[in-house]
2 protein chains.
Amino acid sequence: MSGPTRRRDAGATRAALLEAAAGLFAEQGYERTTVREVAARAGVNQALLFRYFGSKEELFAEVLAVQSDELLAGPVETLLERVLADLLWDADADRVRQSLRALLRSVGHAGAAELLRDRLGTAYVRRLATLSDAPDAELRADLLVAWLLGIGLLRSVVGKQPLAGADPAEVSALVLRTARHLLEERPATGSGD
Amino acid sequence: MSGPTRRRDAGATRAALLEAAAGLFAEQGYERTTVREVAARAGVNQALLFRYFGSKEELFAEVLAVQSDELLAGPVETLLERVLADLLWDADADRVRQSLRALLRSVGHAGAAELLRDRLGTAYVRRLATLSDAPDAELRADLLVAWLLGIGLLRSVVGKQPLAGADPAEVSALVLRTARHLLEERPATGSGD
DNA sequence: ACAGGATGTAAGCAAGCGCTTACTAACGGG
DNA sequence: CCCGTTAGTAAGCGCTTGCTTACATCCTGT
């Protein structure tokens, strides 16, 4: 049987570090967050961070690894809506949202850019592109991902008004209507199809 | 007449520092660029950077100060098109484009965020909002600025394909059509106006 | 019970950062 | 011609960064 109160618990320490890191990476991005801050918020000696994660970079990768599948699992039709919700309702600190925001916040960092370029971004775009019949469907989906990125940054990082203070539901509805138009419209041609 | 070859020339030194800084800030952003790098590229002793600009932060501000008016001067109708051009044709290193990209690249930095929030972003939004009759015109303009920000980052910083490799003219046309729709559309209402 | 691995701690290293200081060398007006 | 001002230089200060090391302590299997 497990001891009543384990003061030495590798699993709990790892989890505490992971949670502290997720919060700080989401708030400040990768570069501005120091390993000492993470250890302090976790209430843990900072040497343990390196024992359990190897490096700051690997810790960051583990934080980002959380979200990959959860959002992508649902139906394509509501994918954009769900991502927007995670982006706009930033009050609560759900783990998926934290890791999404850590990704946005750290887009200047090579590791985050690579993840967005080669894995996450591609996965989103593949799904979003199925909503469009246009031959350049993937480009349109890329533009949508770019929009989400920009909205997240201008809202949470820059704090631009009126966007930062706007009703999330209104913003979401406006973006969704425009996104549908982007995916479905076709350029006017001289031949008139 | 001025001396034949002035080896001691404060104006030229300042200009060299400014140009080197614009290039590096555009390529790497504020935080990743070091004052030693700037001085080295300018071929100048790094102490002079502080003599002529006071601090890295003030040097950055001076780099960003370039673009403020130039783009905003033209007609509103082509404003979006011109910014998109500066964003998408990133081959040549025009000074206005460099400072625009330095701003995007450094959006995680407090100084850049403040400029975008309180000055530049507001100026763009004011003008863009005149293109819409909607009551939330400024919000829509904010969303456009967010889109520009996201496109610039996903293209130049992240390097996401197919966006990064797409024909700038096609991207521009697609974004402009969608932007017009965003500015002009109105939500469907139950009362049917 | 006790050896040995797992867990936690304190201290500090090398490197890099923005910035400053103490100095030399060139210029230009009197 | 000389001297104060200006431009340029070399060195390094104080601090922070990610990461490591040497060591104390606890827990568990046999």
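Here the structure is a predicted model, which is why all the values come from computation and not from measurement. Just so we're on the same page: letters track the sequence lines, and every chain starts at 1.
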Audit row: A/R177, A/H181, side chain to side chain contact (heavy atoms under 4.5 Å, CB included) steps and yes/no: CA-CA 6 Å; A/R177 291 201 306 271; A/H181 182 263; over 6 Å; no
Ring pair (Phe, Tyr, Trp, His ring centres under 6.0 Å) contacts touching residues 100-120 of chain A (sequence neighbours left out): A/Y30-A/H109, A/F60-A/H109
Distance in Å, B/D142 CG paired with A/L174 CG, rounded so as to fall on 0.5 Å steps: 11.0 Å
What integer distance in Å separates [X]:[atom1] from [N]:[atom2]?
| X | N | atom1 | atom2 | value |
| --- | --- | --- | --- | --- |
| A/L59 | D/dC19 | CG | P | 10 Å |
| B/R8 | D/dG8 | CZ | C1' | 7 Å |
| A/N45 | D/dT21 | CG | C1' | 12 Å |

Evaluation steps, salt bridge (Lys or Arg N to Asp or Glu O under 4.0 Å), between B/E114 and B/R119: CA-CA 8 Å; B/E114 188 187 346; B/R119 306 185 157 277; over 6 Å; no
Within residues 14-35 of chain A: residues closer than 4.0 Å to DNA chain C (heavy atoms):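 Result for residues 14-35 of chain A: none.
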Pair B/E58-B/S55, side-chain donor/acceptor within less than 3.5 Å: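 Judged by distance alone, the side chains do pair up.
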Minimum heavy-atom distance A/L24-A/R41, with the two atoms named: CD2-NH2, 3.4 Å
Under-4.0 Å salt bridge between B/D86 and B/R82: no
Presence of salt bridge, A/R105 and A/E27, under 4.0 angstrom: no
Check: A/R36 side chain, D/dG18 base, donor-acceptor under 3.5 Å: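 Between D/dG18 and A/R36, which were checked side chain against base, a qualifying N/O pair under 3.5 Å is present.
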Closest listed nucleotide, where the reference is the side chain of B/Q46 and the choices are C/dT7, D/dG12, C/dA25: D/dG12
Near-strand residues of residues 47-57 of chain A, defined as heavy-atom separation under 4.0 angstrom from DNA chain D: A/A47, A/F50, A/S55, A/K56
